[in-house]
Amino acid sequence: MFKRTYFKLFIPAVMVVIMAACASSPSAAPQDKSVTLLFNVQSPSIDPHADVNYTAVRAGVSETLIKVNKDLKLEAWLAEKWNSKDGQHWTFNIRPGVNFHSGKAVDAAAVKASLERAQKLNPSVKNALHIRDIHADGQILSITTDKPFPEFVSELVHPNTAIIDTTATGDFPSGTGPFKVVSFRAGSELNLDRNDQYWNGEVKLKHAKFMFNEDANARQLAFQAKTADIVYRPPIESLELLKADSTVKVDSLPSLRTHQLIYNMNNNDLKKTPVRKAFDNLIHRDEIANGIMSGQGTPAQGPFLSDFPFSPKYITRKFELNAAREGFKQAGYTVQSGKVTNPDGKPLHLTLLTYQSRAELPLISQLIQANAKELGITIDIRQVDNIDEYLAAHQDWDLATYSSITAPRGDASYFLNAAYMPEGALNYGHVHVPELEAMITQLNTTVNEEERNKLALEAVTLIDQENLQSFLVHPNNVVAYRNYVLNWVTSQSEYYLLTQDLDVN
């Protein structure tokens, strides 16, 4: 039986020194108002077109043409309106009176140059947008996609499509957001000043600091020491202590994120559907949600929350060692004395990748490792610093714990395209199922919402039948902040953190 005592966390005291930074004071003069936010994922870059952590948009430096609101509906941002009669030819009216931090006016030509740069630097952006032609005339931007693509406009919500001045000189991106970059240390901190010429009105804070630390306990220590005003994803075991503190507010709400186990389809064992199904029986979702995550999550049966119209009625997945053994038998493996060997008579030996910025993922990895050991399956756990870069560049792994926002715009197409199409940005496991790809291709050209949901439901059902990934848990989005912080909004999309309305009293 798995023992949770294996998961004791040690707090590195030295991190308190490393994290020491001047946080805002609630008694600061109004013109000097500032906030320090401590984030859980290190960012090596603030280039919005290349940064997979979306720091420039999250920190209020750059903005996209379209944004998504709290109800997961599209809203105008740098594009004040848009239209298309056929889902292929699009016209965007670029908002007048907006300037980049550099002082240059934002017109359609500047937007065109920014989108072209994003596509050139980031193949994922190019593959997602499917742009064939793009033309600029004053404030009118005309875009033709390479095929009818009704959800094209929602792709422009993605932070990697943020609009920047491509002609600006200097070390930092020149965006249009409420904050300008003062300094940046990769993986450490981003310092920001108010954009006094912000197009959308008053920016409450004069300064902001966006700090990074992947160690949950170090984030908690920094928050307790008041070197941070807002801490993103404090350690789950600290929540009751935080809630008992009258000077602290804690938000915990279901996110659009799903933790998952990725199977590398280049592995001769894992490319077999019965083996993946058997392996899925080794996952104790209730222990993950209620034990490791202390109730701050919901067991996942699929990639999306159950209340989405494209989530099927699943048969509840259960942790069953005997069912796993039986599954391996049905796949042609030998089971003797409860231990599994492959058709060549060799025990299974797998490498599982994980990462620290989501503190529960290494713990989940250890749980899977312990359960697999009951069947004689050896799993070596390897922790990497940047999971996206590693998965994209290496094939020396078999399994990986991973976390992604699966429906950031309330639609299934983003995740389906990213995770299951051949050139998808999240298809790290090299999934190739022609029937599924045909469904997604049809979804991409379907306008009617009811038909789209039906197609998405069929695709998600096929993903479930083939067990292309194991979906583990839908984690809550947890943020703690001091009670003098005003107008903080914990969003499901996780895209917008430092905003013009954020304030302190």
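Nothing here was measured: the structure is a model prediction, and the numbers come from that model.
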- Return yes if a side-chain donor-acceptor contact under 3.5 Å exists between Arg95 and Asn200, otherwise no. no
- Any side-chain donor near an acceptor of the partner, Ser45 and Asp51, under 3.5 Å: no
- Message: If you define the side chain from C-beta out and look only at heavy atoms, does anything of Leu239 sit under 4.5 Å from Pro234?
- Response: yes
- Is Arg482 close enough and on-axis enough to Phe223, meaning under 6.0 Å and within 45°, for cation-pi? yes
- Query: Is the distance between the ring centroids of Phe172 and Phe184 less than 6.0 Å?
  - Reply: no
- Exercise: do His349 and Asp380 side chains pair donor with acceptor under 3.5 Å: yes
- Note on the structure: Minimal heavy-atom distance between Ser311 and Ser306, with the atoms involved, is CB-O, 3.9 Å
- Interatomic distance, Asn371 atom CG to Ile377 atom CD1 [nearest 0.5 angstrom]: 10.5 Å
- Message: Looking only at the side chains, is there a donor atom on one of Ser413 and Asp411 sitting less than 3.5 Å from an acceptor on the other?
- Response: yes
- Query: Are Asp229 and Lys209 within salt-bridge range, i.e. N to O under 4.0 Å?
  - Reply: no
- Under 3.5 Å: donor-acceptor pair, side chain of Asp71, backbone of Lys73: no
- Item | Any donor-acceptor N or O pair under 3.5 Å, side chains Tyr263, Ser470 | yes
- Judged by modelled atom types alone, do His49 and Asn160 share a side-chain donor-acceptor pair under 3.5 Å? no
- So, does Arg219 use its side chain to make a donor-acceptor pair with the main chain of Arg233 at under 3.5 Å? yes
- Closest contact, heavy atoms only, Trp199 versus Leu78: NE1-CD2, 4.0 Å
- Message: What verdict does the salt bridge (charged side-chain N to carboxylate O under 4.0 Å, His left out) test give for Lys180 and Asp193, after you've listed the backbone C-alpha separation in whole Å, the side-chain angles of each residue and the deciding distance to 0.1 Å?
- Response: CA-CA 5 Å; Lys180 299 180 179 181; Asp193 279 351; over 6 Å; no
- Would the Tyr420 and Phe415 ring centres measure less than 6.0 Å apart? yes
- For Ala228 against Leu38, the heavy-atom pair lying closest together: CB-CB, 4.1 Å
- Task: Answer yes if the side chains of Asn99 and Gln197 hold a donor-acceptor pair under 3.5 Å, and no otherwise.
- Result: no
- Donor-acceptor pair between Gln260 and Ser404 side chains, under 3.5 angstrom: yes
- Message: Looking at Val489, is its backbone amide N or carbonyl O close enough to the side chain of Asp251 to form a donor-acceptor pair, meaning the two atoms are under 3.5 Å apart?
- Response: no
- Note on the structure: Between Pro235 and Ser238, the two heavy atoms sitting closest are O-OG, 2.6 Å
- Rounded distance (nearest 0.5 Å) linking atom CG of Leu261 with atom CG of Leu352: 6.0 Å
- Task: Work out which heavy atom in Leu121 is nearest to a heavy atom in Asp47; give both atom names and the distance.
- Result: CD1-OD2, 3.8 Å
- Looking only at heavy atoms, which two atoms of Leu115 and Ile143 are closest? And how far apart? CD1-CD1, 4.2 Å
- Item | Main-chain N/O of Asn127 paired to His130 side chain as donor or acceptor, under 3.5 Å | yes
- Task: Consider only side-chain N and O atoms of Tyr390 and Asp396, and report whether a donor and an acceptor are under 3.5 Å apart.
- Result: yes
- Query: Distance only, no hydrogens: is a donor on one side chain within 3.5 Å (strictly under) of an acceptor on the other, for Ser403 and His259?
  - Reply: yes
- For the pair Tyr54 and Tyr495, name the ring-plane relationship: parallel under 30°, tilted 30 to 60°, perpendicular over 60°. perpendicular
- Task: For Tyr232 and Asn477, test the side chains for any donor-to-acceptor distance below 3.5 angstrom and give the result as yes or no.
- Result: yes
- Around Asp385, counting heavy atoms of other residues, nucleotides and ligands shown, do more than 12 lie under 6.0 Å from its CG? no
- Task: Check the surroundings of atom NZ in Lys120: do more than 12 heavy atoms from other residues, nucleotides or ligands lie under 6.0 Å from it?
- Result: no
- Is Glu151 salt-bridged to Arg452, cutoff N-O under 4.0 Å? yes
- Message: Can you tell me how the ring of Phe210 sits relative to the ring of Phe39, calling it parallel under 30°, perpendicular over 60° and tilted otherwise?
- Response: tilted
- Please confirm whether Trp397 and Tyr428 have ring centers closer than 6.0 angstrom. no
- On the 0 to 90° scale, with breaks at 30° and 60°, tag the Tyr355-Tyr402 ring pair as parallel, tilted or perpendicular. tilted
